[in-house]
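All chains are named by letter (A, B, ...) in the order of the sequence lines, taking the proteins before the strands, and each is independently numbered beginning at 1. Fair warning: this is a prediction, and the values are worked out from it, not measured in the lab.
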Protein chains: 2
Amino acid sequence: MLSFTEENYLKALVQLTFFENSRQHEGQGKSEVGVNRLAAYLDVKPATVSDMARKLKVKELVDYEKYGKISLTELGKKEGMMVIRRHRLWETFLYQKLDFNWDEIHELAEELEHIHSIKLMNRLDQFLDFPSFDPHGDAIPDENGEITIPFRRTLSEVKEGKKCKMIAVNDNSIEFLKYVDKIGLKIEDEIEVLKKEDFDALTTIQFKQKQLVVSPKFTDNIFVLCATCLNAKECDC
Amino acid sequence: MLSFTEENYLKALVQLTFFENSRQHEGQGKSEVGVNRLAAYLDVKPATVSDMARKLKVKELVDYEKYGKISLTELGKKEGMMVIRRHRLWETFLYQKLDFNWDEIHELAEELEHIHSIKLMNRLDQFLDFPSFDPHGDAIPDENGEITIPFRRTLSEVKEGKKCKMIAVNDNSIEFLKYVDKIGLKIEDEIEVLKKEDFDALTTIQFKQKQLVVSPKFTDNIFVLCATCLNAKECDC
DNA sequence: TAATAAAGTTAGACTAATCTAACAATATTT
DNA sequence: AAATATTGTTAGATTAGTCTAACTTTATTA
C-alpha cells in the first residue's frame, strides 16, 4: 500500500510528465522530469526528491538513475492516474452534490483523494452518473486509469465569428476561478467570438446574451470545443 | 491541527470513557481510563500510550499525571466528539447514498473521519437531511460535539408480549452485523417479543411477519425503544 | 577547453509514532 | 506487612519524511 506522500509524488509526476504543457510535448514522448523541477512543484528540497526517487525506484514505480531524470513506469503511471481519478471524482461530488464553489473544492479533494477504496470510487462514480469531466473541465480517468483527452484548443485560437463551448480551464488558481465565476461563465456554456483585435490582443466574446471584452490572460486559459471538432483534430472553428 | 494519530487517541478516549458500558457508569462520573486499557483498545503497547498521554497533556487535551488515569478535558472531549460526528455522518452517507452494506461502512469511515473541514461536514449533514442516528443506530453528535443519548434498553429487557422498535446495535463486529442483515432486520423495524424462555434464555421474536428464536448473544446487543418511552425513562415495555 | 553555473547527491540531524527490554510504582493477596 | 502480581515508565532503537550544509556531477558559456 502506498503512503500519502508516495501518492503525492506519483500524482505530481503524472501532472508534470503527462498533463503540463501537453500540447507542446504532444507526440514527443518527453515524459520525464528533473529532480529540481519536481522538488519545486512539490515544495520540498531537491535532497528530499533524490531520496524519494530512489525509494520509488525500488518499488518499481519510477525509472531513475543517479544524476538522471525521473519518469513513471507503467505501474507508477497507473497509480498516479488513480489518485487523479479520485481527486476529480471527489471534486465533482463536492460541486454537484454539496454545492461547494468552484474555488473551494480543490483543497478538500487534496485530502479526500487519499482514501483508498476502489469500490468507494466506483460507487461514487455511479452516484454522480459517470461524469467525463470534473467541475474544472478536466477529464476524469476511468477505472483502469485510462484517460482520453479530447482534442482541446484555447479560446485564443478560435477564429472571429465562430462559436464554441467551454469545456475546461487551464489555470486553476483561485483568482482565475473567482473571475470566471464572477462573469457568470460555466462549463458547457456556448461562447461566440465576436471580434479579435490584433493590436492589443483583446477579444470580444458573447455568452448567455452578455458581451465582454477579455484579455489573453483569460482566453489562453479557457479550453473550448465546437460541435464539429468534438471528435476531429481538424476543424475550422 | 491534530494529527491522524492524536485524533484516534481522543476518539478512543471518548468511546472508553463516555460510551462504553455507559449504562453501568451512568451518573458515576468515572470518565477516566488506565494506560493498559487504552493501549489494548488501540492495539499499541502501554509504553506508547504513556508517551502520548504526556503529549496530549501538554496540548491540554487530557488530564493525566504520571502513574495516574487518563481523562479528557473539555477541549479533548469536544475534539473526540467531532471525530465521532464525522465518522457517523460518513457512515450514513455510504449507507444511504452509495448503497454500501452495513458491515462495510465502518472501515471506510475510519479513513474519512480524518478529513478536517467543518464546512464539509455541515454540508454533508444537510445533504443527508440532518440524521440523528447513523446506520448502526448510534447518535450523531451535533455541530458542537453535543450528543443527547436517548434512553435505550436492550431487547433482553423487553417484557413478553410487548412491542418495541430497534434503534441501534451494541456489537459492531462484522459477524454480528452480517447476522442481523441475514435475518433481514433493520433500524426502525418493529419487533414483538412473543415468548421468553427462562430456562435457556431464548427469546421468540416477530418482525415483518417473520418469527425467529434468538439467544442472549443477540438480544443483549440490540437496542430498542418503544413508542411510549421515546422520551420517558420509565416505561412498561 | 577551462571556468563557471546549474543540477543533483550524500551525510547527518530532526520529529512523530511506534517498538522492546529493563525498571519502578501501585495494588492485591496470602 | 511481606510477597507477588499488575500496572505504568523510561531509555534506546526504528522508520518515514523532511531539512541543512557540504560535496559531486553534468551542462553551459566565455
Notebook entry, point to check: Who passes salt bridge (Lys or Arg N to Asp or Glu O under 4.0 Å) against E6(B), sequence neighbours left out?
Noted result: K59(B)
Check: Base, sugar-phosphate, or nothing for F4(B), non-hydrogen atoms under 4.0 angstrom?
Finding: nothing
Notebook entry, point to check: What residues form a side-chain hydrogen bond (donor to acceptor under 3.5 Å, both in side chains) with E197(B), not counting sequence neighbours?
Noted result: none
Detail all sub-3.5 Å separations between protein N/O atoms and N/O atoms belonging to nucleotides 8-11 of chain D.
residue : atom : partner : partner atom : Å
dG8(D)  : OP1  : V35(B)  : N            : 3.2
dG8(D)  : OP2  : V35(B)  : N            : 3.4
dG8(D)  : OP2  : N36(B)  : N            : 2.6
dT9(D)  : OP1  : Y64(B)  : OH           : 2.2
dT9(D)  : OP1  : Y67(B)  : N            : 2.9
dT9(D)  : OP2  : S50(B)  : OG           : 2.0
dT9(D)  : OP2  : Y64(B)  : OH           : 3.1
dT9(D)  : O5'  : S50(B)  : OG           : 3.3
dT10(D) : OP1  : K66(B)  : NZ           : 3.0

Item checked: side-chain hydrogen bond (donor to acceptor under 3.5 Å, both in side chains) partners for R123(A), two or more places apart -> none
Notebook entry, point to check: Excluding sequence neighbours, so at least two apart, what forms salt bridge (Lys or Arg N to Asp or Glu O under 4.0 Å) with E7(A)?
Noted result: R86(A)
Checklist line | Under the side-chain hydrogen bond (donor to acceptor under 3.5 Å, both in side chains) test, residues paired with K55(A) that sit two or more places apart | finding: none
Notebook entry, point to check: Is the F223(A)-F133(A) ring centre distance short of 6.0 angstrom?
Noted result: no
Next item on the list: Under the side-chain hydrogen bond (donor to acceptor under 3.5 Å, both in side chains) rule, collect the residues that match up with E74(B), sequence neighbours excluded.
Entry: none
Notebook entry, point to check: Which residues pass the side-chain contact (heavy atoms from CB on, under 4.5 Å) test with T219(B), sequence neighbours left out?
Noted result: L155(B), S156(B), T203(B), V214(B), P216(B)
Notebook entry, point to check: dG17(D) C1' sits how many Å from L38(A) CG, rounded?
Noted result: 14 Å
Next item on the list: Round to the nearest Å and state the distance from M52(A) atom CE to dC19(D) atom C1'.
Entry: 14 Å
Next item on the list: Could you list where the contact with chain B starts and ends along DNA chain C, reading 5' to 3', using a 4.0 Å heavy-atom cut-off?
Entry: dA17(C) to dA25(C)
